[in-house]
Structure formats: C-alpha cells, structure tokens
Amino acid sequence: MDTFIFILEIIGTIAFASSGAMIAIEKKMDIFGVNILGATTAVGGGIMRDVILGVTPPTAFAKPVYILFAALTSTLLFAIVYTTPNILHSKIKNKIYDKIMLWCDTVGLGIFTVLGIQTASRLVTEDNPFFFIFIGVLTGVGGGVVRDIMAGETPYILVREIYASASIAGGIVYIACRNSVGEASGMLLGLCVTVVVRALATHFHWNLLRIH
Amino acid sequence: MDTFIFILEIIGTIAFASSGAMIAIEKKMDIFGVNILGATTAVGGGIMRDVILGVTPPTAFAKPVYILFAALTSTLLFAIVYTTPNILHSKIKNKIYDKIMLWCDTVGLGIFTVLGIQTASRLVTEDNPFFFIFIGVLTGVGGGVVRDIMAGETPYILVREIYASASIAGGIVYIACRNSVGEASGMLLGLCVTVVVRALATHFHWNLLRIH
Amino acid sequence: MDTFIFILEIIGTIAFASSGAMIAIEKKMDIFGVNILGATTAVGGGIMRDVILGVTPPTAFAKPVYILFAALTSTLLFAIVYTTPNILHSKIKNKIYDKIMLWCDTVGLGIFTVLGIQTASRLVTEDNPFFFIFIGVLTGVGGGVVRDIMAGETPYILVREIYASASIAGGIVYIACRNSVGEASGMLLGLCVTVVVRALATHFHWNLLRIH
C-alpha cells in the first residue's frame, strides 16, 4: 500500500510540476523561476493539507524526494524547450501542447484529491465524509491556485467549467466505494472519475450556468 | 452564549459569502466559481485564525454548516441575478447595489473581528490584548483579502480608507468593555463600533493621509 | 546569543518593512495601507515559518515588538515622503532610491534566511539540512512573496535573477560552517554570502538561463 501511494504521489508531483513549469516558461521566467513555480504547484496542495491537519512539518518539507522530482521535471522541461524553442510556437498549429498541459493538470487534480482524502482518513479517526472530501479538494486544487496567483492569472478553479466539481465527484466515489472494493481500488476508481469527468467536460464543452 | 455566537457566525458567513459571490458574478464566473469565491470569503478569515491558533482541523472544515450556509447564499444570489439580470445593470442608476455590498462587507468585518477575539481569548489563557486584537483583525479582514487576491483585485485592506482601522477600533472597544458589560454585550458593542466607524468613513469620505 | 538574534530580527524587520512600505507609497496607498504592507512584508516569512514548524501562535503575533518596529519604520518613511514628495520623483535622475530599496530587500533576505534556519534547528532535533535550508528560504522569501502578490506584482522570486539562489547559497554556507566557526559567526557568514551573491548578481547583471 505504501508503495502504491508513493507511486501515485510521484506521478502527481511530476504532472503538477510540469503544469507549473510550463506556465513559468510561457511567462519567460528564468530556469530558477521555472523550478520554483513547478515545485510550488507540485507541493502547494499537500502543504495546505498538512497545515490544516496539523502535520508539522509538512511532508513536502520533511522528505526532500517530492521537491527533488518536481525540480528534475521542471529542469528537464526547461532543457527541452531551451534546446528546441520551436516546440512552443508550433503549439498554435497542432494543439498537442494544450492537450498535454490539460492532461497533466487533470491527472494531478485526480491523484492529489484521493491522496488528500487518504491522508485525512489516516490522521482523523472521526468518520466525517464532508471533511474528508473538503481536504481532498483542497489538496487537489491547492497547488494550482498558488500557481495561478503567483503567475498573475485568475485561478483555474474559479473560471474553468467542471474543475472542483470533478475533484468532488472523484472524492465521493472513492469514499463511497472504499469499504467494498478496498483502499487501493477505491483510490484508483476515484482518481479515474475525476479525470474522466474533467476530460468529458472539456471535450464536450460542458458548461456550468454563467450570467452574461 | 453558544447560541449567540452561532447566530453571529451565521450572519457573518452570509454577509461575507454575499460579497464574495457578487464579485464572482460581476466577473462572469460560472455557478461553481461563484460558490467557491463566496465560501472562500466567508471562511477564509476563520481558517487563518485557526491555523494561527493551532486549531486543527479548522472549524470551517470540521463543521460543514458554515460552508453550507455560504453555498446556499451564493447559489441564491446567483439564481436571483440569473433570473433577473437587469438587477446588475440598473446598479449604475440607483447605487442601491453598491450600498448593499458595502453593508455586507462591513457587517462581516465587524462580526468576524469580535468572533476572532472571542475565539483567541477562549484558547489562549495569557492576557495579551495586542495579540487578541491582531487575531481579531486577521479574522475580520482575512476572507476579504483572499477574495480580492483570487479575483485579481488589490485587497480592500490596502486601498480603502478606514478598513482595518475600523476593525481595530471595534476590537479595542470589545476588549476594553467586556469585563464591565459582559461578553455578549461587549461583542455587540465592538461590532457596532466597527460598523459605525466604517459607515461614517464611507459616508463622509474620510480619508487617511495619502501621497499624491 | 539571544541579544544577537534579536538585533538581527529588528534589522531584518526594518529592512523588509521599508521595502513593503515604499512599494505601497509608490502605489499611492494611504498611511494605513503603507503600514499594512510594511508589516506584512516584515512578518510574513516568519509567520509562514512558524505555521510550517507548528509554532502557535507565531512569534510575530505573540510578541508585538516586531509589528511595532515595522509600523514605526513604515510611518517614518511615509512621513519623509509626505513632507518631501520630490524624493520620489528625483529617483529617475539619481537611482539612489532604487539602490536603497535593493539593499533593504537583500539585507532582509539574508537575515531572515539564517534566522529561519536557526529557528528550525532549535525546534527540530533531527538533523535534516535540506529541511533547514528550505525553511530558511521560505522565511527569507515569504514576506516578499506576500508583498508582491498583495501589491499585484509578479513575485520577485519568480522573475529576479539570483534571488532564491542567493538565499540557498547563504543557507548552505551557514549550515556548513556553524559547527566549526560557531552559531553566531556562521549566521553572519551565511547572511553575508546571501547579500554578496545578490549584490554581485545585480551589479554584473548575472542572469540565469531564460527562454526568449
């Protein structure tokens, strides 16, 4: 189980670090800024979760491995774009780039949502589904909110259709299923629900009500 | 006393949720963004207070009722504006809208200031008026700062004449009076001072020194 | 040792309060906004450090002296610019102003980096250099990040060449030397390294890799 969770954490870290690093690269930040924004995006949600749960020092500070993976990811992306700068400009043509970014952000959202719920369940004995889901959403969206605020953008969570909603849906499925299908399968199921809901919403341009 | 505090909390929650939700509506966010910004504004200051005081998990996460009221308020406001969109445009004519927003923000500021001081006094035995007032101001202004930063605005507290000052004034009056008039009356008195100071300042366009 | 640390804290507080207050003055904020931004910049990094380390309430809230010095500094700067407004406009000519601001920010960065490491070492028994340096950087850059986000600017740490890098360099030197040269000398050494690295980087326009 610990290995399973660690693998999820590393995939989520790489996904979110990529999304932070690419925004920094688009904003013409230097290699250090790219690393900072990548790492902040990757560990931001987890740090908020730990502060809320009273875990001091937060895992991201106590165990260097997450920041290390975030830095490796950010530096690698920087190196790729630095050596082949055309990648960024060709994006207008083929949209592959936007798709990769969307997937990184969506996979990170799904993984950190279930990881947040899992951590909260281990630390808080009282069974409070509302609280668990709230911590899951915070862990899932936290890194992206910090990324967007630092980059001077309106946070995704406020403007993208079906973002926090996808995280909530995944969290509900995980909590509803884990007693019957087991912890690990429940996490995978919740994570898939978040990813599928967000992917469908983006593909079919689902929109929530909005006042024009 | 618990009922009295709970009623204040709910009124403050509704007031701040309204101010956050209306800014989100003005910024054309969808119904979920409106709920997120409403809830963040309503519970943001209290979460900061609890993190500073070491209350884990913060009350807003442990007890769903506050988020629930914030969501109800935000959704209701969204529904009203959605069904009668002219409301927003008529505001230029009659300024009633701006007044209501100002009152929501001011009442929230006053209520959360005294609630912050009250919570800090219960949890910290040492009698440290400076600390209590500081926690009060943080609780009062915290939600609005998060709201403004997420919405991409300069925080009110930095640019509105007599904002944190009104919160400090109310906090001082509450702490100075509570031993003689009792806890509940002291809270009401402090809250009224904050509201009156801010209302007078806005009405008479009081300004603090500024360099042009 | 306590006196030595206290002196460093007060110098760092004054330096960072100046940098926050001057940005507020440039943005035409009123005297209260200037005080808020000055104080937030001065104590922001320390509050983040204390929250991460589980120190509740954070030192800046428990002991009024830091906020008091930040307020005195901010008010004094406001008074100077208010009475001699030409100071701000003459800056275009002589650049002395920009240099002073850079020094304030750099000295604050260096001092709070070593203070953060020192506090973390006292509270956390486990010897984890990575963690200590991370806390040092957070303490050093935290106030400036809050300042820039509240003022609506892109955080320095993301865009200025050699900012967090200077903080990391100073932190490494402090940790590497303190066993041989003693705590106080190690702090001074680390602080000097941060200041010198940043000063050299600015003077010679050192730049980290960036994609154009």
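In what follows, every chain begins at residue 1, and chains take the letters A, B, ... in the order their sequences are listed.
- Here the straight-line distance linking atom CG of A/N35 with atom OG of C/S165 works out to 9.5 Å at 0.5 Å rounding.
- Ranking A/M29, A/K27, A/K63 against chain C, the residue ahead of the rest is A/M29, based on heavy-atom pairs under 4.5 Å.
- Comparing C/D148, C/I157, C/T154 by how many heavy-atom pairs each has under 4.5 Å with chain A, the most go to C/I157.
- Annotation: residues 117-133 of chain A contacts chain C through no residue [non-hydrogen atoms, separation under 4.5 Å].
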Report task. Check step by step if side chain to side chain contact (heavy atoms under 4.5 Å, CB included) holds for C/I168 and A/F32. Result -> CA-CA 12 Å; C/I168 292 176; A/F32 210 91; 3.6 Å; yes
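- Interface remark: A/A24 contributes no atoms to any contact with chain C (heavy atom separation under 4.5 Å).
- Using non-hydrogen atoms only and a strict 4.5 Å limit, the part of residues 41-61 of chain A facing chain C consists of A/I47, A/V51, A/T56, A/P57, A/P58, A/A60, A/F61.
- A/M150 and C/I149 make their closest contact through CG-CD1, 4.1 Å (heavy atoms, listed as atom of the first residue, atom of the second, distance).
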